[in-house]
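Report on the following structure.
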Protein chains: 2
Amino acid sequence: MAEPRWLDEREERAWRGYRRMRRLLDLELARGLTQDAGLSEPDYDVLSDLSETPDQRLRLSELADRMLWSRSRLSHHLTRMQQRGLVAREECTADGRGSVIALTPAGRRAIEAAAPGHVAAVRRHLIDLLTPAEVEALGALTHRVVDHLAGEDGRRARPATRGPAA
Amino acid sequence: MAEPRWLDEREERAWRGYRRMRRLLDLELARGLTQDAGLSEPDYDVLSDLSETPDQRLRLSELADRMLWSRSRLSHHLTRMQQRGLVAREECTADGRGSVIALTPAGRRAIEAAAPGHVAAVRRHLIDLLTPAEVEALGALTHRVVDHLAGEDGRRARPATRGPAA
DNA sequence: ACAATGTGGTTGACATGTCATCGACCCTAG
DNA sequence: CTAGGGTCGATGACATGTCAACCACATTGT
C-alpha cells in the first residue's frame, strides 16, 4: 500500500464537512439538552430507548446492543443515572445473572420534558436545513454505510466483545 | 412549545442513520488507526493538522480553533503526545504567553505511516460506498449545517470561550 | 449429577474530556 | 509608566469512556 488513492476535492469536502458537522452539531445539541433539561446526550439516548419499549424496561445487554455501547460503558452509566433516580435496576426472573433496566417515573418525566426541545433543536440545526431530497439521500447513504459496517467486517467494529476472532 | 413537529418517517430514518453511522464508523476508523499505527483518532487529527501547515508548527490556540477543540482539551492532549515524542512545545517569540506546537520527526513519521491506511479505510467504509451524487450532496449538506452553526448561533456552540454573549 | 465452558453484568484501574481557575503576559487609557 | 482588564495556556478536580479481570449463574456433554 505505497500510494493509496487520496481523496479528490469533492470527497475531501464531504469528509471534512462531515467531521465538522459532527462536532458542531454535537456541541450544540448537548448544550441544549443540559441547559434546558439537565441531561447529557448519553442520558437522553438511554431514556429514549427505554421509553420506546412497550414495558419501559430492557435487559442491560439488549439495551447495550441497541445503543451500540459496550456493556461496561452502559453499566457505569446506569450506575450514575440510577443515583440520580432516572432508572432502576431490577432482577431478571428469566436469567439469574441478568439485570433489567427500568425507566422510573422521574426518568419518564425527564425524557418527556426534554424531548420536544431536543427534537426542535435537531430540526433547527439539521433537518430543516435540508431539502427533502437531501433528507432522503442522507437516510439512504447512512443506512448503506451502517449495513456495510454491521455486516461484512462489522463483527470487529462492535463495542461489545462478541467476535469469534480468537 | 407544547407539541413540536416530530420527525416524520424519512426524517427519523435520516437522523437515526446518521447517529448509527457516526458511532460505527468511528469505532472502525479508531480500531484501524490504533491497530496499524498506534494512534488514536484525536492523535491523528492533531498530527494531520500540524503536517498540513507550511512550517509544521502552529500556535496552540490556532490549532485548537481549527480542530474545534477547547484549549484545555488540546493542552492536555498535547501533554500526552509530547510525552510520546510526537510533538514539541516551543516558546513563542511574538507573544510571551504563547506556545507553539511543532511536529517532531517522530510525529511526521507517525502521520506518514498512518495516513495511507487511514485514507483507505475512509474510502472503504464511507466514500467508496457512495455515488458521486451522494458525495456531492454530503459535502453540500454538511457545509450548510456547519455554516449555520458557526454563524448565527455559532458563538454559543464553540468549545472555546470566546463569545461576546454575556 | 456435575465438571467444563460460556455468557451477563460489575468492577477497578486507567485514559480521556470538561469546567473552573490561575499565573503570566499583552494591551489600552490615563 | 502604570493600573486595569483581557487573552493565552496550564492545571487540578472531576465526569466520562475503555480495557481487562472477575463473579455468579447458565449451558452443555458425559
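Numbers restart at 1 for each chain; the letters A, B, ... are given by sequence-line order, proteins then strands.
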| request: Report the C-alpha separation of B:Arg73 and B:His76 in whole Å, then their side-chain angles, then the decisive distance to 0.1 Å, and conclude whether the side-chain hydrogen bond (donor to acceptor under 3.5 Å, both in side chains) test is met. | output: CA-CA 5 Å; B:Arg73 176 184 182 182; B:His76 279 301; over 6 Å; no
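For B:Glu136, the salt bridge (charged side-chain N to carboxylate O under 4.0 Å, His left out) criterion is met by A:Arg10, not counting sequence neighbours. The salt bridge (charged side-chain N to carboxylate O under 4.0 Å, His left out) search around A:Arg66 returns A:Glu62, not counting sequence neighbours. The side-chain contact (heavy atoms from CB on, under 4.5 Å) check on A:Arg89 picks up A:Leu60, A:Ser75, A:Leu78, A:Thr79, A:Gln82, A:Ser99, A:Ile101, with sequence neighbours excluded.
Residue A:Leu68 contributes atom CG, which lies 12 Å from atom P of D:dT18 at whole-angstrom precision. For the pair B:Arg97 CZ and C:dC22 P, the interatomic distance rounds to 18 Å; values are reported in whole Å. Atom CE of B:Met81 is separated from atom P of C:dG17 by 11 Å (rounded to the nearest Å). Between the CD atom of B:Glu62 and the C1' atom of D:dC8 there is a distance of 14 Å, given to the nearest Å. At whole-Å resolution of the value, CH2 in B:Trp69 and C1' in D:dG9 are 16 Å apart. At whole-Å resolution of the value, CD in A:Gln83 and P in C:dT10 are 13 Å apart. Rounded to whole Å, atom P of C:dC19 lies 12 Å from atom CZ of A:Arg31. Following rounding to the nearest Å, A:Asp26 (CG) and D:dG17 (P) show an atom-to-atom distance of 11 Å.
Ring orientation note: the planes of A:Tyr18 and B:Tyr18 are nearly perpendicular, at an angle over 60° on the 30°/60° scale.
With contacts defined as side-chain heavy-atom distances shorter than 4.5 Å, the pair A:Asp43/A:Arg84 qualifies.
A:Glu11 contributes atom CD, which lies 9.5 Å from atom CG of B:Leu126 (distance to the nearest 0.5 angstrom).
Place A:Asp95 and B:Gly98 on DNA chain D by their nearest nucleotides, and B:Gly98 ends up nearer the 5' end.
Exactly one of A:Leu63, A:Val100, A:Leu103, A:Val87 qualifies for a side-chain contact (heavy atoms from CB on, under 4.5 Å) with A:Arg57. That residue is A:Val100.
Residue pairs meeting the ring pair (Phe, Tyr, Trp, His ring centres under 6.0 Å) criterion with at least one partner in residues 87-119 of chain B, sequence neighbours excluded, are B:Tyr44-B:His118.
Between B:Arg59 and the phosphate of D:dG9, there is a side-chain N or O to OP1/OP2 separation shorter than 4.0 Å. Using a 4.0 Å cut-off, no side-chain N or O of A:Ser70 falls inside it from OP1 or OP2 of D:dC19.
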Identify all pairs in which a protein N or O lies below 3.5 Å from an N or O of nucleotides 10-15 of chain D, and state each distance.
unit_1	atom_1	unit_2	atom_2	d
D:dA10	OP1	B:Arg89	NH1	2.6
D:dA10	OP2	B:Ser75	OG	2.7
D:dA10	OP2	B:Arg89	NH1	2.7
D:dT11	O4	B:Ser72	OG	3.0
D:dG12	O6	B:His76	NE2	2.8

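Only A:Pro42, listed by number, bring a heavy atom of residues 38-48 of chain A to less than 4.0 angstrom from any atom of DNA chain D.
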